[in-house]
**Q** 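Structure provided below as structure tokens; questions to follow.
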Amino acid sequence: MTPNLVTIDWLVLAPVLAPALGALVVLLADALAPRARGAHLVIALMALGAGLGALPYAVTTATPARTLCLTGPQARCFYESGPWGLGLQALALGGALLVLLMLGPGTRHLDRAQRGGPAVTVALVLTATAGAVMVPAARDLPAWLVAIELATLPAVALVALSRGRGAEGGALALLMVALTSFAFLAVGVSLWLLATGDATFATDTLRTAFDDPARHRALLLAILFLLAGLGFKLSAVPFHMWTPQAFVVADEPVAAFLATVSKAAALGAAIVMLAPLIALNAADDPRAQSIRLVLGVLAVASMTLGNVVALRADDPVRLLAWSTIAQAGWVLLPLAMLTPTAVSASVAYLLAYAVGTLAVFAVAAAVHSASEGAGERSLTAYAGLARRSPLLALVLGLGLLTLAGLPPAVIGVVAKVVALQPVVAAGQWWLVAAAVVNIVVGIAVYLRWLLVVIRPGEAAGATRVPVRLDPGLRVALALLASALLVLSLAPGLLIGFVR
Amino acid sequence: MTAPAYLALALAVLAAGAPLVLLVGLFDRRAASGVATLAAAAAAALAVSALGAAHGSRELPVLRTLPPGIDDGFGVAFPSRIASTPTTLAIALTVLGVVLAVQVYAGWYLRSDQRQPAFMATVSLFAAAMLLLVTSRDLVLTLVGWEVMGWCSYLLIGHWSGRERPRRAAYKAFLVTRFADAAFVIGVVALIAIAGSSDIDAVNLAATSSSALTVAMIALVIGVLGKSAQIPFQDWLVDAMEGPTPASALIHAATMVAAGTWVLSQLAPAVHAAPGAAWVLAISVAATMVCAAFTAFFQSDVKRILAWSTISQIAVMLSPLAVAQTADAGGAAATGHLFSHAIFKALLFLVVGWLAVLAGSTAARDLSGIGVESAFARGVWGLGLISLAGVPLTVGGISKEHVIDSASWAHGGEPGLRQGIVSVALLLTVALTAAYATRAYEIVAGRGAAHPSSHTSAPGGAEHRAEGEHAGAAGPAVLVVLALLAAATLAAGLVFLLGPLDPGAVNVALLALSVLLIGVGVLVGWYLRPDDARPPARMATLADRGFGADTAYVALVATPVLALARAVAYLDREVIETYVRGAGVGASLTGRFAAHSHRLERVASDLIWVVLGLLAVAGVALWG
């Protein structure tokens, strides 16, 4: 026998393998026992739970946990998961778990079911999650590219299978932009390969390319193409157009998936790509000026446009779509500093944002009945919610305040401070000024919704909240509410988790 | 038990009495009055018990947040001591005696007032605050007592808040004293910062001449001037006559206005080390004592005569602190006069309240000849006034001689300009005081005026009130209180001989001079007194109005402050808020425009955005 080319630590890989295997098992089970509709959700929850359960192992083995390593003195590993990577993986797995609980495929509430049956829904969610978990750990160009697409394409199918009218249209928009962006990514990857001669994101080859004036320009172009491609995944302006179109037609839990799990994948991809650059001290390098500028402009454009359009949205899901765009700007803002602390700041912000957004989407899924399609939802449905259903209103309020960054949702405040801190430290005052203006506009965006909730009286358009919510939705709401409360009482947990 | 423990207990009884009185008052007004009187009596009894106990100091643990010895993190010690010395105890007993007298008196005087329990509860709290201030050896405790008293005085003056004039008087007292209190707080904080401790002994030890100390003490002196109604803050105290007479007696005699004297005598070494502050104090009190005594002479309302007399006497009380050759001498003289003033002023106010009930008004016209048929009324009124005039051997005479003596340069030392000004003012005041005391006696005892029942309503300038109409005849308890206080104006001189208060050295030349001045004052007062039966002269009208001080307050302070506030509000509303509104409108319009530009939800337009974005990004890359 020849010695193994690579060493493999299966337990380190488990967070990726568990959802992937889960998807296979679900498809097999569907083929073998088509009647067992309830089993798929159980299998999926077990797979995601197993993935989450394997994360602590990666924490305890080494920092960063590595596997798929080449043998030899120049040992290079293709799978590497540091603190920020683990944070994003936990977000992807946890977010997928909550989205599945909200969707409740195969449970009695058939009106919530997506077209195509529970097995397809579950398999798609698990596959996309496997991709999203893979992205922040991938260290070679092909696996990175494949993982990004693995995280994206099943999400397109989830949108297309949503029960709302016009779902195919939204899915088409998503698909077209995804394909174009894939083209950008492919071009970027080829340019990267051309410039560095290396198929991995490695610091040493990058340094050589960066220092060589002839290759420097090609490398810069590669990075900017990659950024343009990732801008689509992050919903950064001007690659954001698909976001409201897809969100509005998708089922609320699917939109929540796009807003959280997909964002974890996108941010992971961006950090994997920028990490070698950050290791080169690009923060102070004038030759990296254009990268910092592009990131900063994308951040400011996203948060500004997202906030001002969200200010005028009436459909709550459309409002959330534009809010996602605005928050993508906040995630990019610290990253534009290209410092190591900026990376953890970005991830911490994304975590806080994801918990808040999932909470708001969960309430939206509870408030808007299945019969309401796109274009029929309105903020007036929330009038008097605080009276009719105080617990739902509490979760919604906490979620909205987290997104706005207002106490008593302390976690939202802390996240804003954490995101601004690297920018202030770098002395980028024009970015700070733009961010502060956007904090103010953002508060208006979310308080507009919250005011409807707490204002007394019931508007004509207000719908009755079903007395009995799906058990899965209840569990998701309870988990999210407790997560928001715990994080607001001890925001250090979140920050410590990422550092 | 040590003396400070007794005093702390008395403090607790008075403070706990206040809510208890309110509670009982919900069910039974008479019982509430009894509880309040009982609390005052118990506190007085506790203070008497302290006479035999050992003096010393102890920490008041109630206000401590940290156990002793543990740093609070600011590097400032806060020992929160209260102390008992013979002097402290004498003043505390005086305060508690006056409070007891006031509570007994109020039990009769406000018998038919619905809000009697609230009044007596406030008096109880007021007394607790004053006792805290008297026993305090810590500036923070002093400040607590000071502020609580300020609040209580507002409540007492505005007791009849249903009427316009008491309400305005209460606001005025509150605003004017708060204005000065701001300076007081600054002074206290600065002193604590200089000494690194809030302990009064530590502050005095750390007091060495420096500009920081001068600024701190000037701020403190301004606070004292405000609370003691000295020029330029004098006018609130006269308006405070709108309060019920027992409240006036309490505020004037033993508590509020005298508190400043006590605080400054505690800090006498610090005053001594800050000549700038001593100058401010000296100028203010010299002007105040003469002007107030002069104004008192022309008042058409007996209660207002007493109010101006208080202002003048507090100035006398404060003067040794400003000019004495040594800090100790100044403190002793001031404390002595505080003691005697408390006794005779309480007596005078309570007598006026009693007579006013009989006459239905406190106006000089209405009170004219009220005492003709009552030897008792003439007697107690006369004794109070003799003491006020400072006739030798009365309690007022002893302490006043001490003040004049300590302000003079009879004890050696450099005769300074400050001593000169204050001494001249003091001697002038002696004559003027005798003059208005003579007038006050003549109003009550004289036969020259019209019969009390035949007068018509008061003319313009003079504004009088009717109060306590329903109290009925005074009971024996009230008469006993008056008799005891009258006896005290003579007998309390013994306290000086027994030792707790320093009587000062007898300077025969000064004594002779002041007796001569008193004689002149009596003659002047007798011959020049205004005739209350006739419409008031121009001077009297002016004096009734405090020579326009209220108008000056409004014109010089209130109007500019309000104008400034309006200007700021205008700027805020029309300029700053325009930006805020503009931001809102701007964001909203931008949102509408942006939403409009996104209205075409087509794949083609999505891709155009993406391609334009790529071009922009690439452009930055190639340009940058």
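Reminder, nothing fancy here: chain letters follow the sequence lines and each chain counts from 1.
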**Q** Are any of the side-chain heavy atoms of B:Val188 and B:Thr142 separated by less than 4.5 Å?
**A**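 Result no, sub-4.5 Å side-chain heavy-atom pair not found.
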**Q** Among B:Ala594, B:Gly591, B:Ala583, which residue forms the greatest number of heavy-atom pairs with chain A at distances under 4.5 Å?
**A**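 Max contact count across the listed options: B:Gly591.
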**Q** Quick check on the structure: residues of residues 171-181 of chain A within a heavy-atom distance below 4.5 Å of chain B, by number.
**A**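 Listed by number, the contacting residues are A:Leu172, A:Ala173, A:Met176, A:Val177, A:Thr180.
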**Q** Any side-chain heavy atom of B:His598 sitting closer than 4.5 Å to one from B:Trp609?
**A**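 Yes, at least one pair of side-chain atoms sits under 4.5 Å.
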**Q** So, the side chain of B:Arg592 versus the backbone of A:Arg312: is there a donor-acceptor pair under 3.5 Å, distance only?
**A**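 No, because the side chain of B:Arg592 does not come within donor-acceptor range (under 3.5 Å) of the backbone of A:Arg312.
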**Q** Start with the C-alpha distance between B:Tyr154 and B:Phe174, add both sets of side-chain angles, then the distance that settles ring-ring contact (aromatic ring centres under 6.0 Å, His included), and finish with yes or no.
**A** CA-CA 6 Å; B:Tyr154 164 74; B:Phe174 191 73; 5.0 Å; yes
**Q** What option among A:Val308, A:Leu311, A:Val441 has the most heavy-atom pairs under 4.5 Å with chain B?
**A**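 Ranked by heavy-atom pairs under 4.5 Å with chain B, first place is A:Val308.
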**Q** Report yes if the side chains of A:Asp211 and A:His216 come closer than 4.5 Å at any heavy-atom pair, otherwise no.
**A**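 Not in contact.
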**Q** Heavy-atom distance under 4.5 Å between the side chains of A:Leu258 and A:Phe247, does that happen here?
**A**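 Yes. Closest side-chain heavy atoms under 4.5 Å.
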**Q** Using non-hydrogen atoms and a 4.5 Å limit, figure out which bit of A:Phe232 sits close to chain B: side chain, backbone, both or neither.
**A**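 For A:Phe232, neither part sits under 4.5 Å from chain B.
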**Q** Please table the atom pairs, donor to acceptor, closer than 3.5 Å between any side-chain atom in residues 292-301 of chain A and protein atoms at least two apart or in another chain.
**A**
residue  : atom : partner  : partner atom : Å
A:Arg292 : NH1  : A:Ala282 : O            : 2.5
A:Arg292 : NH1  : A:Ala283 : O            : 3.1
A:Arg292 : NH1  : A:Asp285 : O            : 3.2
A:Arg292 : NH2  : A:Gln289 : OE1          : 3.1

**Q** For B:Leu614, is it the side chain, the backbone, both, or neither that has a heavy atom closer than 4.5 Å to a heavy atom of chain A?
**A**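 The answer is both parts of B:Leu614.
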**Q** With a 4.0 Å cut-off on N to O distance, would you call B:Glu577 and B:Arg573 a salt bridge?
**A**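 No, this pair does not count.
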